[in-house]
Amino acid sequence: MAQKPTIPKGTRDFLPAEVAKRNFLFDIVKQVFARYGYAPIQTPSFELSSTLMGKYGDEGDRLIFRILNSGEKIRKADLEALAADNLPRFASSLSEKALRYDLTVPFARFVVQHQNDLTFPFKRYQIQPVWRADRPQHGRYQEFTQCDVDVVGSESLLYEVEMIQIFDEVLSNLGLPGFSICINNRKILSGIAELIGEADRIVDLTVALDKLDKIGQQGVIDELLQKGFTPKSIEKITPLFALQGNNEQKMELLGEYLAQSEIGQKGLDELKVVLDDIAALGLQKGELIFDLTLARGLNYYTGAIFEVKAHGVKMGSICGGGRYDDLTALFGLKDLSGIGISFGADRIYDVMSELDLFPKSLNQTLSVLFVNFGESEAKHALKLLREVRNIGLAAELYPQASKLQKQLKYANDRQVPYVVMIGQQEAKDGMLSLKNMETGQQEQLTEAEFLTKCEQLF
RNA sequence: GAGGUUGUAGCUCAGUUGGUUAGAGCGUCGGAUUGUGGUUCCGAAGGUCGCGGGUUCGAGACCCGUCUUCCUCCCCA
């Protein structure tokens, strides 16, 4: 026997029932995106390595899937680098292309490349798979789909507000009973780093701070010591550990703490505008929380940063995003601030499955099944079948004259609500039997009566 | 990238200190029922025990390698 086929780790097949649910999810996402004025674009699955490398931090670079050069190009391999044990350089000489790691960086490249064809502020959405060479885990895949909205060409904080509204509207429309939209601002984090005299170590600082709720105060201090922060600078951080209460209380305390930092104050001011606007507008199911420990490792964020967590399930963040002032500058277009967010479709799918939030009717892909009683009966049914399809209902004729038992079982398995039976005598009389599969009841109808009923169903 | 864990029928899983012919439930197929499904009863098919190597008279079980699963870390959606 041939060996059982498998697919690579971290990837999945989707059965019809799963695709139906995923499409349900995508449809709601698209609907909201479109309503806020975003238009869809698509970009290639893979980019030049130079486009992607270096944009996500060291950790991110490691997780980028690289595409091996093909054909004669393989001869370009830098064997000296290999001999010198310089593996990154050796790898680069083997590969010039890589699968996209997210949709934001390819989008920045897209904007720069097509800047003459775009009207700014440019608003786009993009729903496509991305790939990460990560260790698979619960809610973590090597191939997964992101749903991104981004706008570039405006610094207006109205877009921060808009992104929060989109989070709230999409997730509420999907039926999530509750979720936290966490917000922070990189400028606040920069201000803190500046104040403690470690302005150039902001990444190490934020990564450690990010773990506060996981490893606790002492854990953060230990990590900072390990990273080489001086006890003196760490001491200056400790007031932050006491930060508690609601958003206003946290902001007030932080206002005093950051009094001497211009950039920190700016971050606070931005945050306040956004929080006030949202407070005035209100949210449906979402809860907006200022979370100072929210850091996000992606190093292109410069202003607001977001992360969303679903309530009632054990799952990492289901959405993320933030403002980036310099991303297009990396590709040669300066002074173009952007902000964007991403919905992790696969994690949201998992959350919805766990909470049983998908409508049951999604599995119904066929409304009417015509039973096949034989060659001449089938030919007769075919004409009626065409009319049912013209009305707009999904309908089909069973392909062979199997036992009725088998045909009904097929209808049952496919959750078909109505089965039509036309035997020899019925065909002659222009009559048919319509069986309701849910109630089991059956009625005799003329063909005209049946078609009228189909129109009502549609 | 570090550590741990898992893999036996289509699916979920049993399988004792290594010992003849590897089991169950569900599902599938056939029949009870030749034009009536979802329930019931009877019967059948379906396995190089993830893959490769090793130890042994003998391996599903022990050892090594490899792939895969899930978990913790790292990072993230």
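Per chain, numbering begins at 1; letters A, B, ... match sequence-line order.
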Relative to the 5' end of RNA chain B, which residue comes earlier, A:Glu426 or A:Glu307, by the nucleotide with the nearest heavy atom? A:Glu426
Under 5.5 Å centre to centre and under 30° between planes: does that hold for A:Phe343 and the six-membered base ring of B:A77? no
Just call it for A:Ile318: base, sugar-phosphate, or nothing, with non-hydrogen atoms closer than 4.0 Å on any strand. sugar-phosphate
Proximity to the side chain of A:Arg135 - top-ranked nucleotide from B:C75, B:G3, B:U69: B:G3
Grab the CZ-P distance between A:Arg12 and B:U69 for me, whole Å please. 11 Å
Is there a residue in residues 434-449 of chain A whose heavy atoms reach under 4.0 Å of RNA chain B, and which residues are they? A:Lys435, A:Met437, A:Glu438, A:Gly440, A:Gln442
Hunt down any stem RNA chain B takes part in, defined as 3 or more consecutive Watson-Crick or G-U pairs whose two distances are each under 3.5 Å. B:1-4 with B:70-73, B:10-13 with B:23-26, B:28-32 with B:40-44, B:50-54 with B:62-66
Between A:Met421 (CE) and B:U34 (P), how many Å, whole number? 16 Å
Would you mind classifying the nucleic acid contact of A:Gln146 as base, sugar-phosphate or nothing, using non-hydrogen atoms under 4.0 angstrom? sugar-phosphate
May I ask you to say what A:Gly423 touches in the nucleic acid, namely base, sugar-phosphate or nothing, with a heavy-atom cut-off under 4.0 Å? base
Determine the contact category for A:Tyr141: base if any of its heavy atoms lies under 4.0 Å from a base atom, sugar-phosphate if only primed atoms, P, OP1 or OP2 are that close, otherwise nothing. base
Quick one: which of A:Glu162, A:Glu160, A:Glu270 gives a salt bridge (charged side-chain N to carboxylate O under 4.0 Å, His left out) with A:Arg323? A:Glu160
We want to know whether A:Thr43 and A:Gln126 form a side-chain donor-acceptor pair, criterion being a heavy-atom distance below 3.5 angstrom. yes
How are the rings of A:Phe24 and A:Phe358 set to each other: parallel, tilted or perpendicular (split at 30° and 60°)? perpendicular
